[in-house]
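Worksheet: one structure, shown below.
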2 protein chains.
Amino acid sequence: MAGRPTSTRRERGSLSTEDILDAAFAVAGTTGVDGMSVPEVAKHMGVGVTSIYWHFRKKDDLVRSMSDRAVRTVVAALPVPTTGQDVREFLENYFRQLRDVHRRNDVLTDLTWTRIRSYSLDSTHVLYHHIEVILEFMIGAGFVPLTAWNSFSTGYTFTRGVVVGERIQHLNHSPILRDTVSKLLDHDTMPILSELLSNDGIMLAMVSDTEFDHGLRLILDGIVASGDARLRSGRG
Amino acid sequence: MAGRPTSTRRERGSLSTEDILDAAFAVAGTTGVDGMSVPEVAKHMGVGVTSIYWHFRKKDDLVRSMSDRAVRTVVAALPVPTTGQDVREFLENYFRQLRDVHRRNDVLTDLTWTRIRSYSLDSTHVLYHHIEVILEFMIGAGFVPLTAWNSFSTGYTFTRGVVVGERIQHLNHSPILRDTVSKLLDHDTMPILSELLSNDGIMLAMVSDTEFDHGLRLILDGIVASGDARLRSGRG
DNA sequence: ACCTGAACACCGTTCAAGT
DNA sequence: ACCTGAACACCGTTCAAGT
C-alpha cells in the first residue's frame, strides 16, 4: 500500500534496454525462450507492453539481443590457453567446460545452438577472436593451421551434438529415460541394448557422461596423433 | 464453379489423421515447424479449424505425431549393414547418409533433433531396433558391445552436431556466410582465421564438407583402432 | 462418431496520443 | 525522446451444437 506509486507513468530513461534484457532472461529462464512473450516480460517489469516496443521494434530484435548477450556469456565462461600448456589437456578441459556452461543454463543453449536468430557482427567478432587465440596456441604447439582448425571443429561440433541431445532428452520427457526403458527394450528382441542398459549403465539418448567421455577421448586421441605426425614430419 | 461442392459440410470419415499429417508436413515445409499453425493446416485442407481438434486434442499431439512419422522416415532412409561388410565402410556411409537425409529435409531435423516433443514408444522401438542391428553387426566384426555402443554414439552425436550447426547457419542468415566475412575478420586482428578463409576455403560455421569429412575420418580412425585393438588382444 | 462456427484468452504489433 | 492504452489480426483451444 505504501509502496504503490502515486504516478502510474514511469519517468523517461527509467527503462533501459539492459533492464529489458535482464527481464527477458528471467522470463525465458522459467518459460523457455519459445514460451517467452513480450507481454510477460513487460508484466515482469511492471511496464506497459508497448514500452518494450519502443526499445525493440520486434520481438525478433529482442531475441537477437538476447543471443548476443548469450554468446558473450558463453565465451566468457570458457578457458583460455596459457603458453606452454599441453594441447590435449587444454582441449579436454575446454570442451568439458563448453558442455558444462550449456548444461548449467538451458537458455544459453537455446539462444546460441537451437534457436534460429542471428547475433550481431560484434558478438560474432568476439566469438571468432576467441577461437583465433586457440588456433594460435595450437599452431604454436606444432599444428598446421588447417589441421588445428579441423581438429578444433571436430571437438566443438561433437560437444554441440551432446549438448543438443541432452537438451532434447530433458525437454522431451522422452521414453528414453530410465523408468520406461524396460517396456520398450525386451531382452528377446534387443538383447544387446538391453544388456548394455542393465550391465553397463548406458543411456539410450547417447549423451550421458559415459558417451561424452568416450567420444571426447577418441577425438582427442585423433587430434593429438595428427599434431604429433606434424611434429615428426617437421623434424624428420 | 462446377468444382464448388453444394454441401459445405464434409462427410464423416473424409478427414483421416494421415491426411492431416500430410497437410501438416506440407505447411511445415514452407513455414517451418515453428511457424506452422493449426488454422493454416485446416485452410490447406479446406476444413474448419475445429475439425482438426477432433483428431488431435492439442497442437502438441499433432506435432508429436509428426515427430513419430519423421523418426520412421529417417530410419527408413538409412543403410542397413550386410554381413561381412567392412565396418569402416558401413559406418562412413551410414553417417554420411544420416547427414544427407537431414540436409534434404529441414522439417525432419526440426522434428527429431531440435524441436522439443517426444515421440511414441512405438517409434522409439523402431529407432532402437535399427541401432540394435548395427551393434550386432559391429560385435560380429570383433567389437566389445560397450565399445560398439560408444563408437556408434560418437559418430552419431558428431553428425547431429554438424546437422544442427548447418540448420542454425541457414536459418540465421548469419554473418558467418561468405559475403560478410571480410567485414568481421580483418587480417590484422585475426590473421590465422582470415588466412584459412581465403586460402583453405573453410567456413566459419564449422559444418561444411571440409570439417565434416575431417571429423568423420578422425572418428572412424579411432573407432577402427579400438576395434582392431580388441581383435589383437583377443588373438594374442 | 465425426464435422462445424461462435467465442475466449492470449500474443505480436501498430497507432495515436501523452509528457 | 521516451512511455502508454486502445485496437487489430492471428493463434490455440473449448463449447455447444449439428448430422
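Note on naming: letters A, B, ... go to the chains in the order of the sequence lines (proteins, then strands), and numbering restarts at 1 for each one.
Side chains of B:R10 and B:S51: no donor on one and acceptor on the other come within 3.5 Å. Side-chain contact of B:D186 with B:T189: a donor-acceptor pair under 3.5 Å is present, judged by distance alone. Remark: the B:S65 side chain and the B:D68 side chain contain no N/O donor-acceptor pair separated by less than 3.5 Å. Donor-acceptor pairing under 3.5 Å is lacking for the side chains of A:S153 and A:N150.
In this structure, B:E40 atom CD and D:dG12 atom C1' are separated by 13 Å, rounded to whole Å. Put simply, CZ on A:R10 is 14 Å from P on D:dC2, counting in whole angstrom units. One interatomic measurement links the two molecules: CG of B:D34 to P of D:dC11, which rounds to 14 Å at whole-angstrom precision. Atoms OH (A:Y53) and C1' (C:dC11) sit 8 Å apart, rounded to a whole Å. What separates NZ of B:K59 from C1' of D:dT14 is a distance of 17 Å, to the nearest Å. Between the P atom of D:dT14 and the CZ atom of B:R57 lies a distance of 7 Å, rounded to the nearest Å. Across the protein-nucleic acid pair, A:K58 atom NZ and D:dC10 atom C1' stand 16 Å apart, rounded to whole Å. In this structure, A:F56 atom CZ and C:dT14 atom C1' are separated by 18 Å, rounded to whole Å.
You'll find that the side chain of A:W54 is closest to D:dC2, out of D:dC2, D:dT4, D:dT13. Which of D:dC11, D:dT4, C:dG12 sits closest to the side chain of A:V47 comes down to D:dT4.
Between D:dT4 and A:T50, no contact under 4.0 Å exists linking OP1 or OP2 to a side-chain N or O. Under 4.0 angstrom from either OP1 or OP2 of C:dC3 there lies at least one side-chain N or O belonging to B:S14.
For the pair B:D209/B:H214, no side-chain contact is recorded, criterion being any heavy-atom separation below 4.5 Å from C-beta on.
Side chain B:R9 to base C:dC3: a donor-acceptor pair is found below 3.5 Å.
Nucleotide D:dT14 forms a Watson-Crick or G-U wobble pair with C:dA6, both donor-acceptor distances falling under 3.5 Å. Nucleotide C:dT19 has D:dA1 as its partner under the Watson-Crick or G-U criteria, with both atom distances under 3.5 Å.
Using a 4.0 Å heavy-atom criterion, one finds that B:S51 contacts the bases of the nucleic acid, with or without backbone contacts as well.
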